[in-house]
Amino acid sequence: FAALLRIAQVESGAGLRQGFARFDLSAVAESVTEAYAPLAEERDQRLVATVPPGVAGFGDRSLVAQMLANLLENAVRHGRAGGCVALALRSGPPGGGPEVTVEDDGPGIPAAERERVFGRFVRLDAARATPGSGLGLALVRAVAGLHGASVALEDARPGLPAPGLRVVVLEASGRIGGRLHTLDDLPGRPEAGGVQVGSGYARLIAEAARLGIPLVGGGAEPREALYW
């Protein structure tokens, strides 16, 4: 019940964006990977993390950590015993956000089932022999959506009998880990995803609120910057 309540809260937003803040996404990815090393070791799996230092995050740090934990737990539990689970973090292009991939070498998920597994309590036949509630990917999608990110499922090893699963979380607008833009960057740059705000702070605040983009900065006036 608690997990269902959490998913509903995340899906609704419920004021969560107001608490968004900048955080070290690299450190979060490393910490979560380290936490799942013992579980991978129990299954004789190699757990490999490719995490460059200094990739910034912007959002709810604890929710992003929970999202990564759910992805790693799924990969370790459903990956092949004695196989490999890999997490990779990549910083995005200018104006874009980071990409996180988690992959395993297990049986994978058939293409026809990939949308369905994001539903609540959905567990495929191959997963029913392992512990779980069927809520893990539902929460992953909810957290990603809260941060303006997409979640895609792919074959990790296309064409093989056990193609594995690759989960790609991509934040296209840069609101999880995009670069910071000052007010001066915004006018005349809508093609970069910015907000056409003119010169007034009031409109900046209104436009950011309408789009759900948190304003950040430590100055006395709410003019420091926003993420896109």
Side-chain angles (χ1 to χ4, degrees), residues 2-37 39-40 47-52 55-79 85-92 96-104 109 114-123 127 131-154 156 165-178 212 214 227:
L4 277 175
L5 196 62
R6 189 58 164 159
I7 291 170
Q9 181 188 27
V10 172
E11 287 178 340
S12 69
L16 292 171
R17 291 189 182 92
Q18 295 176 7
F20 276 14
R22 191 173 177 85
F23 65 93
D24 188 337
L25 183 56
S26 295
V28 170
E30 289 176 343
S31 177
V32 173
T33 303
E34 184 178 345
Y36 277 87
L39 182 60
L47 181 54
V48 180
T50 305
V51 180
V55 177
F58 186 76
D60 187 309
R61 185 184 188 278
S62 64
L63 283 177
V64 172
Q66 183 64 64
M67 176 181 71
L68 297 180
N70 283 16
L71 290 175
L72 276 178
E73 182 161 351
N74 279 351
V76 170
R77 290 193 182 281
H78 301 300
V85 172
L87 178 147
L89 171 65
R90 301 175 182 87
S91 57
E99 177 185 276
V100 179
T101 61
V102 176
E103 62 180 69
D104 63 63
I109 296 176
R114 288 176 188 167
E115 182 61 29
R116 192 168 74 88
V117 295
F118 289 108
R120 301 174 190 182
F121 302 115
V122 174
R123 304 193 71 210
S133 63
L135 293 172
L137 286 177
L139 183 59
V140 165
R141 173 173 274 186
V143 173
L146 179 70
H147 290 81
S150 63
V151 185
L153 306 182
E154 308 170 350
L165 182 68
R166 177 184 296 118
V167 185
V168 182
V169 181
L170 176 62
E171 208 291 294
S173 69
R175 283 165 54 191
I176 287 181
Y227 281 85

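Fair warning: this is a prediction, and the values are worked out from it, not measured in the lab.
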Task: Backbone of Val55 reached by a side-chain donor or acceptor of Ser26 within 3.5 Å - done: yes
Task: Smallest separation among heavy atoms of Ala49 and Thr33, with atom names - done: CB-CG2, 3.7 Å
Task: Leu89 to Pro98 - nearest heavy-atom pair and separation - done: CD1-CB, 4.1 Å
Open item on the list: Is the shortest side-chain heavy-atom distance between His78 and Leu165 below 4.5 Å?
Closed with: no
Open item on the list: Applying side-chain contact (heavy atoms from CB on, under 4.5 Å), can you list everything that pairs with Arg114, at least two apart in sequence or on another chain?
Closed with: Ile109, Ala111, Leu153, Asp155
Open item on the list: For a 4.5 angstrom cut-off between non-hydrogen side-chain atoms, does Leu87 reach Tyr36?
Closed with: no
Task: salt bridge (Lys or Arg N to Asp or Glu O under 4.0 Å) against Arg61, all qualifying residues, sequence neighbours excluded - done: none
Task: salt bridge (charged side-chain N to carboxylate O under 4.0 Å, His left out) contacts in which one or both residues fall within residues 23-32, not counting sequence neighbours - done: none
Open item on the list: Do Val168 and Val102 have side chains that approach each other closer than 4.5 Å (heavy atoms only, starting at C-beta)?
Closed with: no
- [ ] Check whether any side-chain heavy atom of Arg90 lies under 4.5 Å from a side-chain heavy atom of Thr101, and answer yes or no.
- [x] yes
TODO: Taking the side chain as every heavy atom from C-beta outward, state whether Gln66 and Val143 have any pair of such atoms under 4.5 Å apart.
DONE: no
TODO: Applying side chain to side chain contact (heavy atoms under 4.5 Å, CB included) between Val64 and each of Val169, Val100, Leu25, report the one that passes.
DONE: Leu25
Open item on the list: Restricting to non-hydrogen atoms, name the atom on Phe118 and the atom on Leu137 that form the minimum distance, rounded to 0.1 Å.
Closed with: CD2-O, 3.5 Å
Task: Minimum heavy-atom distance Ala29-Leu68, with the two atoms named - done: CA-CD1, 4.0 Å
Task: Minimum heavy-atom distance Arg22-Ala56, with the two atoms named - done: NH2-CB, 3.4 Å
